[in-house]
Participant: 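Structure provided below as structure tokens; questions to follow.
Note that these values count all heavy atoms, side chains included, but never hydrogens, waters or copies made by symmetry. Remember, it's a predicted structure, so these values are computed and weren't measured experimentally.
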Amino acid sequence: MESMGEVLRSMNNSALRQRSRDLEQNLLNHPLVKQLQAEHPELDESRLRLHLSRLYQYVEESRHCANCPGLEKCPNDFQGHYSKLTVETVGGTADLYERKTACSLKIAQDNQDSIRKRIRSFYVDERVLNGGYDEIDIMGKDPRRVSAVNRIFDYITGAKENGLTSRGIYLQGSFGTGKTFLMCYMLHELAIAGYSGVIVYMPDFIEELKLIMMDNQKLKEMVDTMKNCDLLIFDDIGAENLNPWARDHVLGAILNHRMNRKPTFYTSNYPLDGLEKHLSITSKDGEEIYKGQRLMDRIAPFVDVIPLHGENQRGTVR
């Protein structure tokens with residue numbers, strides 16, 4: 001956008017000087033400038049004339065905002081911001097000051113970015129986290145999901161009103177009934193309330209552990225993130241191929257740290273007793289019932305089991 005100063009500097013003959021005076025007068029007579037004068041009668045016109053460039057910027061950016069083309073195509077000098085003028089009296093003289101102010105679209109975008117920064121995912125498709133959520137669609141997709149969905153809604157409401165407890169949720173259901181989607185919805189809603197969250201897709205997480213087990217720093221950072229986030233979700237637990245080290249020294253350490261401190265959530269095709277049997281078997285040592293029970297002692301007492309019924313929604317448009 002051409003600045004007022006550039007317009008005035010280009011006028012070097014009498015005709016252009018007259019045009020300059022006309023532009024100046026038109027600017028001073030603009031409804032926005034007149035409104036500013038009406039709201040601040042203490043502001044002398046002489047002070048306005050000293051700040052013609054600010055007035056020009058103010059009027060032009062107001063026009064752009066009135067015909068907003070969207071945040072990505074914002075024509076203002078500072079994308080997503082407009083010039084806001086204020087009048088302040090310093091040393092007995094009222095003067096005009098300008099500051100850049102974020103518009104509603106920019107504020108909304110920053111809020112969404114802030115929400116996304118509170119949520120981390122390990123091996124979970126980001127499209128599930130960022131696809132948007134419609135509560136009516138969540139409720140109406142399959143009537144058999146209503147009971148489970150209501151309990152998720154109740155949990156979210158309770159956490160927003162009363163804060164988090166150390167108790168999580170074990171969401172159990174068959175393939176494609178929307179377990180991951182509901183947990184991501186919960187993460188999103190509680191991120192809006194200021195809570196941090198991590199969701200971990202268990203089959204890929206366990207495979208990745210095999211690759212980074214010798215990278216102590218990366219492993220520590222990952223485990224510490226899971227230990228310390230406000231909400232932790234182990235997605236599709238029971239579908240992974242466990243080894244003793246991943247079960248006892250990684251998963252066990254995370255759960256041991258969180259129990260009685262912060263809530264942990266799970267989605268699984270298994271009921272709790274089926275998960276215990278799964279956790280008792282590793283690819284190396286076969287069945288170790290005691291070790292499976294020990295891990296379940298860090299899961300079962302700290303969750304409410306919610307069965308999720310419904311049709312397989314995979315492959316359908318949500």
Participant: Is it true that K106 and D110 make a salt bridge, defined as a side-chain N closer than 4.0 Å to a carboxylate O?
Facilitator: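 Salt bridge between K106 and D110, a charged N being under 4.0 Å from a carboxylate O: yes.
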Participant: Could you state the interatomic distance from NZ (K262) to OG (S196), rounded to the nearest 0.5 Å?
Facilitator: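 K262 atom NZ to S196 atom OG measures 6.5 Å (nearest 0.5 Å).
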Participant: Are side-chain N/O atoms of R261 and S166 paired as donor and acceptor at under 3.5 Å?
Facilitator: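 Not at all, the side chains of R261 and S166 share no donor-acceptor pair under 3.5 Å.
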Participant: Given the rule that I, L, V, M, F, W and Y join up when any side-chain heavy atoms are under 4.5 Å apart, are Y270 and V305 in one cluster?
Facilitator: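 Same cluster: Y270 reaches V305 through Ile, Leu, Val, Met, Phe, Trp or Tyr contacts under 4.5 Å.
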Participant: Could you check whether any side-chain heavy atom of T177 comes within less than 4.5 Å of a side-chain heavy atom of H309, counting everything from C-beta outward?
Facilitator: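 No, side chains not in contact.
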Participant: Could you grab the distance from atom CG of N260 to atom CZ of R298, nearest 0.5 Å is fine?
Facilitator: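 It comes to 11.0 Å.
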Participant: State, yes or no, whether a side-chain contact exists between L27 and Q25 at a heavy-atom distance under 4.5 Å.
Facilitator: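 Result no, sub-4.5 Å side-chain heavy-atom pair not found.
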Participant: Has K210 got more than 12 heavy atoms of other residues, nucleotides or ligands less than 6.0 Å from its NZ?
Facilitator: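 Buried by this count: over 12 neighbours within 6.0 Å.
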Participant: Is there a donor in the side chain of N76 and an acceptor in the side chain of Q57, or the other way round, less than 3.5 Å apart?
Facilitator: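 No, no side-chain donor-acceptor pair sits under 3.5 Å.
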Participant: Check whether any side-chain heavy atom of R294 sits under 4.5 Å from a side-chain heavy atom of D248, and report yes or no.
Facilitator: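 They are in contact (side-chain heavy atoms under 4.5 Å apart), so the answer is yes.
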Participant: Any salt bridge linking E221 with K218? Criterion: basic side-chain nitrogen under 4.0 Å from a carboxylate oxygen.
Facilitator: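 No salt bridge links E221 with K218.
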Participant: Report the residue from L251, L209, V250 that forms a side chain to side chain contact (heavy atoms under 4.5 Å, CB included) with V223.
Facilitator: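 So, applying the side chain to side chain contact (heavy atoms under 4.5 Å, CB included) to V223 and each of L251, L209, V250, only V250 qualifies.
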Participant: Kindly compute the distance separating CG (L308) from CE (M183), expressed to the nearest 0.5 Å.
Facilitator: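 The CG atom of L308 sits 9.0 Å away from the CE atom of M183.
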Participant: For S83, which of R99, R54, E98 qualifies under side-chain hydrogen bond (donor to acceptor under 3.5 Å, both in side chains)?
Facilitator: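 Only one option passes, and that is E98.
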Participant: Could you give the distance from CZ (F153) to CG (N150), rounded to the nearest 0.5 Å?
Facilitator: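 One finds 7.0 Å between CZ of F153 and CG of N150.
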Participant: Do the side chains of K100 and E61 get close enough for a salt bridge, i.e. N-O under 4.0 angstrom?
Facilitator: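 Salt bridge between K100 and E61, a charged N being under 4.0 Å from a carboxylate O: yes.
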Participant: Are the side chain of Q35 and the backbone N or O of V33 linked by a donor-acceptor pair below 3.5 Å?
Facilitator: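 Pair absent, no side-chain N/O of Q35 close to backbone of V33.
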Participant: Tell me whether the count of non-hydrogen atoms from other residues, nucleotides or ligands lying under 6.0 Å of CD1 in I289 goes above 12.
Facilitator: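 Counting neighbours around CD1 of I289, 12 or fewer heavy atoms of other residues, nucleotides or ligands fall under 6.0 Å, so no.
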Participant: Less than 4.0 Å between a side-chain N and a carboxylate O, is that true for R21 and E24?
Facilitator: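 A salt bridge is absent here (no side-chain N lies under 4.0 Å from a carboxylate O).
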Participant: Within this structure, what is the CD1-SG distance for the pair I233 and C184, rounded to the nearest 0.5 Å?
Facilitator: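 If we round to the nearest 0.5 Å, I233:CD1 and C184:SG are 6.5 Å apart.
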Participant: Under the rule for ring-ring contact (aromatic ring centres under 6.0 Å, His included), what residues qualify as partners of Y195, not counting sequence neighbours?
Facilitator: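 If we apply the ring-ring contact (aromatic ring centres under 6.0 Å, His included) test to Y195, skipping adjacent residues, there are no hits.
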Participant: So does D224 get a backbone contact from the side chain of N228, meaning a donor-acceptor N/O pair under 3.5 Å?
Facilitator: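 Flag set: sc N228 to bb D224 pair under 3.5 Å.
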Participant: Are the side chains of I254 and F234 in touch, meaning some heavy atoms are under 4.5 Å apart?
Facilitator: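 Sidechains of F234 and I254: in contact.
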Participant: Compute whether any side-chain donor of one residue and acceptor of the other, for K179 and N269, lie under 3.5 angstrom apart.
Facilitator: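 Yes - a donor-acceptor pair under 3.5 Å links their side chains.
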Participant: OH of Y201 to CD of E207: how many Å apart, nearest 0.5 Å?
Facilitator: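 One finds 11.0 Å between OH of Y201 and CD of E207.
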Participant: Please give the remaining members of the hydrophobic cluster of Y290, linking ILVMFWY side chains under 4.5 Å, ordered by chain and number.
Facilitator: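 Answer for Y290: none, a lone residue.
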Participant: Could you list who else is in M259's hydrophobic cluster, with ILVMFWY side chains joined at under 4.5 Å, directly or through other members?
Facilitator: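 Grouped by the 4.5 Å side-chain rule, F302 form the rest of the cluster around M259.
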Participant: Determine yes or no for a side-chain-to-main-chain donor-acceptor pair under 3.5 angstrom, with H64 supplying the side chain and S62 the backbone.
Facilitator: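 Not a single qualifying donor-acceptor pair exists.
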Participant: Is it true that a side-chain atom of R63 and a backbone atom of Y58 form a donor plus acceptor pair closer than 3.5 Å?
Facilitator: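 No: the side chain of R63 does not pair with the backbone of Y58.
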Participant: Would you indicate whether the side-chain heavy atoms of M296 and L272 approach each other to under 4.5 Å?
Facilitator: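 In short, these two side chains touch, coming nearer than 4.5 Å.
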Participant: Give a yes or no on whether a salt bridge exists between E42 and R47, defined as a side-chain N under 4.0 angstrom from a carboxylate O.
Facilitator: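 No.
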Participant: Linking I/L/V/M/F/W/Y whenever any side-chain heavy atoms sit under 4.5 Å apart, do L32 and L48 land together?
Facilitator: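 In one cluster with L32: L48, yes.
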Participant: Begin with the C-alpha distance, continue with both residues' side-chain angles, and end with the deciding distance and a verdict on side-chain contact (heavy atoms from CB on, under 4.5 Å) for D95 and V87.
Facilitator: CA-CA 6 Å; D95 210 348; V87 177; over 6 Å; no
Participant: Would you mind listing the cluster partners of F78? Hydrophobic ones only (ILVMFWY), side-chain contacts under 4.5 Å, chaining allowed.
Facilitator: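 Reading the cluster by chain and number, F78 sits alone, since nothing else belongs.
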Participant: What's in the same ILVMFWY side-chain cluster as V90, cut-off under 4.5 Å, chained through other members?
Facilitator: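 V90 shares its hydrophobic cluster with Y97.
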Participant: Can you find a pair of side-chain heavy atoms, one from I156 and one from Y185, that are under 4.5 Å apart?
Facilitator: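 When only atoms from C-beta onward are counted, Y185 and I156 do touch, with a gap below 4.5 Å.
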Participant: Would you say the side-chain atoms of N243 pair up with the backbone N or O of W245, donor to acceptor, closer than 3.5 Å?
Facilitator: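 Confirmed, N243 side chain pairs with W245 backbone.
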Participant: Would you indicate whether the side-chain heavy atoms of I199 and F122 approach each other to under 4.5 Å?
Facilitator: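 No; the side chains remain at least 4.5 Å from each other.
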Participant: Assess the residue pair E276 and K291 against the criterion (salt bridge (charged side-chain N to carboxylate O under 4.0 Å, His left out)); give the C-alpha distance rounded to whole Å, side-chain angles, the decisive distance to 0.1 Å, and a yes or no.
Facilitator: CA-CA 9 Å; E276 180 174 332; K291 291 187 177 181; over 6 Å; no
Participant: Taking the inter-plane angle between the rings of Y170 and Y266 on a 0 to 90° scale, is it parallel (under 30°), tilted (30 to 60°) or perpendicular (over 60°)?
Facilitator: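 Y170 vs Y266 ring planes: tilted.
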Participant: Using the rule that Ile, Leu, Val, Met, Phe, Trp and Tyr join whenever any side-chain heavy atoms are under 4.5 Å apart, tell me whether L164 and I306 fall into a single cluster.
Facilitator: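 Yes.
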Participant: Suppose the criterion is salt bridge (Lys or Arg N to Asp or Glu O under 4.0 Å): which pairs have a residue in residues 147-170, not counting sequence neighbours?
Facilitator: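 Residue pairs with at least one partner in residues 147-170: K160-E189, R167-D304.
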Participant: Answer yes or no: is there a donor N or O on one side and an acceptor on the other, between the side chain of T267 and the main chain of D236, under 3.5 Å?
Facilitator: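 Yes, because the side chain of T267 sits within donor-acceptor range (under 3.5 Å) of the backbone of D236.
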